[in-house]
Structures are given as C-alpha cells and as structure tokens.
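Here's the structure we're looking at; comments come further down.
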Amino acid sequence: MIDSERRVAAETSAPAATRRRRGGHWRAAALFLLPAVVLLVALRLLPTVEAITQSFQRGTQSFTGGRFVGIENYALLFADPTFQNVLVVTALFLVIIVPFQIVCALLLAVLLVERFPGVGIVRTLIFIPVAAPAAVATVIWGVAYQPQGPINAALAAVGLPEQPFLTSSDQALACIIVLLSWIGIGYWTLFLIAGLQDIPRELYEAAALDGAGWWRTLRSITLPNLRRPLAFVVVANTVSSVLVFVPIQILTQGGPAGSTRLIMYDLYNSSFVLGDLNIGQTEVVILLVFLIAITTVQFRMLSKEN
C-alpha cells in the first residue's frame, strides 16, 4: 500500500520536475543568447530601421525631426543621370567579375584536387593573395598600375606600348576587376575544393570504366554534385562584389569620368562627402533590397534537392 502511494506520488511529481528542468534550460539559453540579440538589434536592426526611415525624409539626421517626403528621394535618385550611370557601371562590373572569378576558381579547384608534382606549391601561390588585406593588395596593384610601374616596364621590354590603366575610362574598371580577382579567385577556390573532396571517388572510377572523357565527367558528375557549394560561391561572390569599396576609394575615387563609380562608393560619397544623409540612406535601402533578393535566390538554390 505504501509502495503504491509512493509510485503515484513519484509519477505525479515527475512532470512538474521535468517542466522545472525545461524552464531552467530555457532561461539558461536565453541568458547565453541575450548578448548576441542585443548586438544584433543595436548593430543590424536599428540601423536598418533608421535607414528606411530617413530614406522617406529630408533634412534629418535622426529618427525624428525630418520632413516626410514619401518616395521623393527615390524619384530623385532614379532620375539622376549620375546614379543611372552608377547602376550601369555596377551591373557591368557584376556581369564581368562574377562569372570570371567563378570559372577561374572552378578550373583551379578541379586542377588542385588532383595529385601531381608540385601541387602543394601551386596551392600556396594561389592562396597567398587571400591572406593579404584588401588595402595592402590595393596599394600593391596601385604601384603596379603606375605609368612608370612594373607592368608598363614589362610591356616596354617586349616592345608593346605603355598603357594608361587607372587613368583611362576604358581600362580603369578592368584594372579593378583584375585586382579583386587576384584576391578573390583563391578565396572561392577554397570552398570549391572542399565541395569537390566530398564527391565520392567511386563516381569518377565508374565514369573512367565507361570511357567518359574529362569534359563529360565534368558535366555529368562534377558539376551536378558541386551544385550546392557552387550556388553558395556564386551568391556570396555577387554580394561581396556589390560591397566593393576600398580599391575604389584608394585608387580611383569613382573616376575617371565615373567609369569605376560603383554603388558602394556612391553611397559613401553621398552620405559623407556631399553630406546628404537622406540620399545616402536611400541608396542603402536600394542596396539592402538587392542583397535580400540575392539571399532569397541563395536559399532557393540551396533548398532544392540534388
């Protein structure tokens, strides 16, 4: 009788004890997450809300006190020939640099997963630029692009004419693309190598037994099994390319003739050089919408089954 009463009491108290333990776990989790949530709100959410608010105002430096003008800032921006040129230059920049870096990174990754003499040295040479800060790499290439720099010296040595590089509106954007690709290709190659190493070797062995050549193996085995890492690299590369600022600020300041005036530099110029914070915040919102669209595409691509 006494044992039965004890069992009933234990069964009755067990759910309550379980609830108390779960409650303690939730409180501990909330305590650990609180600093991250505070930083997220302070550094991400509030600036985003402020940018959206100020993009609909004129003559304000804070949440309040400005004059509500609706979409006037957006209308002014899209009607401005300078901003139209910024969008064209940014689009041209993305259309060139993203496919160029992805193709180069993919070819290097396919090469570097193979075992051949000196592969370690080749990997090191390709990955070294990744370790260089963007400002350092920009200064190095800025010296190389000088009229009397080493690139023109090499051209002269083989009998070719000197090039204006950063002082030419036809060449400046290409020079920026080469600079960024020197840094970026090795970085994206790391992700693709990791993806290639996850592909079962049995698939390649079966393809070799079937007599499949390099191109057919790449198209039928490598690319389909590399779709997820490749999708991530494409989207991440696009986002990082949109946010390019340091090389433009150091080398060209958007020139010559606006040929390198990307949206991130134009945003900075509007906000801090011209002092028009409302137009600057409007460009922030436009950039944010674009990045959200890119991220959405990424999630859709990564959520699909192979």
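Sequence positions, counted from 1, serve as the residue numbers for this chain. All heavy atoms count here, side chains included; hydrogens, waters and symmetry mates do not.
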Testing the basics here: between [X] and [Y], what is the closest heavy-atom pair and its distance to 0.1 Å?
X      : Y      : answer
Pro47  : Ala42  : CD-O, 3.3 Å
Ile248 : Gly254 : CG2-N, 3.5 Å
Trp182 : Ala137 : CZ3-CB, 3.8 Å
Pro256 : Leu166 : CD-O, 3.3 Å
Gln163 : Leu155 : CG-CD1, 3.8 Å
Ala109 : Leu192 : CB-CB, 3.7 Å

For [X] and [Y], indicate whether the former's side chain and the latter's backbone hold a donor-acceptor pair under 3.5 Å.
X      : Y      : result
Asn73  : Ser55  : yes
Asn278 : Gln54  : yes
Gln146 : Gly142 : yes
Ser220 : Thr217 : no
Asn225 : Ile221 : yes

Do [X] and [Y] have side-chain heavy atoms sitting under 4.5 Å apart?
X      : Y      : answer
Val244 : Leu180 : yes
Ile193 : Leu108 : no
Val98  : Ser241 : yes
Val88  : Phe93  : no
Ile96  : Gln101 : no
Val289 : Ile292 : no
Trp188 : Ser240 : yes
Leu179 : Leu251 : yes

To the nearest 0.5 Å, what is the distance between [atom1] on [X] and [atom2] on [Y]?
X      : Y      : atom1 : atom2 : answer
Gln148 : Glu162 : CD    : CD    : 5.5 Å
Tyr145 : Thr138 : OH    : OG1   : 10.0 Å
Thr222 : Leu230 : OG1   : CG    : 11.0 Å
Leu262 : Leu173 : CG    : CG    : 6.5 Å
Asp276 : Asn269 : CG    : CG    : 10.5 Å
Asn237 : Ile97  : CG    : CD1   : 6.5 Å

For the hydrophobic clusters of this structure (ILVMFWY residues joined by side-chain heavy atoms under 4.5 Å, transitively), does one cluster hold both [X] and [Y]?
X      : Y      : result
Tyr265 : Leu274 : no
Leu106 : Trp215 : yes
Ile183 : Ile140 : no
Leu223 : Ile102 : yes
Leu45  : Leu288 : no

Original post:
Going through the distances and angles, do Arg261 and Asn85 end up as a side-chain hydrogen bond (donor to acceptor under 3.5 Å, both in side chains)?
Top reply: CA-CA 8 Å; Arg261 196 180 183 91; Asn85 179 71; over 6 Å; no
Subject >> Salt bridge present between Arg228 and Asp198 (N-O < 4.0 angstrom) >> reply: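 Salt bridge between Arg228 and Asp198, a charged N being under 4.0 Å from a carboxylate O: no.
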Original post:
Where does the angle between the aromatic ring planes of Phe56 and Tyr74 fall among parallel (under 30°), tilted (30 to 60°) and perpendicular (over 60°)?
Top reply: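 It falls in the tilted class, 30° to 60°.
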Original post:
Do the ring planes of Phe191 and Phe232 sit parallel (below 30°), tilted (30 to 60°) or perpendicular (above 60°)?
Top reply: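 It falls in the tilted class, 30° to 60°.
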Original post:
Do Gln253 and Gln249 get their side chains close enough for a donor-acceptor pair, meaning under 3.5 Å?
Top reply: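 Per modelled atom types, Gln253 and Gln249 side chains form no pair under 3.5 Å.
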Original post:
Do Ser271 and Gln281 get their side chains close enough for a donor-acceptor pair, meaning under 3.5 Å?
Top reply: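 No, no side-chain donor-acceptor pair sits under 3.5 Å.
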Could you work out, with side-chain hydrogen bond (donor to acceptor under 3.5 Å, both in side chains) as the rule, every residue matching [X], not counting sequence neighbours?
X      : result
Thr252 : Thr260
Glu72  : none
Thr238 : none

Original post:
Are the aromatic rings of Tyr187 and Phe127 close, with centres under 6.0 Å apart?
Top reply: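 Ring centroids of Tyr187 and Phe127 are no less than 6.0 Å from each other.
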**OP:** Walk me through it: do Leu76 and Phe83 pass the test side chain to side chain contact (heavy atoms under 4.5 Å, CB included)?
**Re:** CA-CA 9 Å; Leu76 288 173; Phe83 186 69; over 6 Å; no
Subject >> Residue pair Val69, Gln57: steps toward the side chain to side chain contact (heavy atoms under 4.5 Å, CB included) verdict >> reply: CA-CA 5 Å; Val69 294; Gln57 296 178 345; 5.6 Å; no
Within 6.0 Å of [atom1] in [X], more than 12 heavy atoms from elsewhere:
X      : atom1 : answer
Ile121 : CD1   : no
Phe68  : CZ    : yes
Ile71  : CD1   : no

Original post:
Of the options Leu287, Thr282, Ile279, which is the one that meets Leu267 in a side-chain contact (heavy atoms from CB on, under 4.5 Å)?
Top reply: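 The side-chain contact (heavy atoms from CB on, under 4.5 Å) with Leu267 is passed solely by Leu287 among Leu287, Thr282, Ile279.
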Original post:
Run the side chain to side chain contact (heavy atoms under 4.5 Å, CB included) check on Leu196 and Leu226 step by step: do they pass?
Top reply: CA-CA 7 Å; Leu196 288 172; Leu226 197 63; 4.0 Å; yes
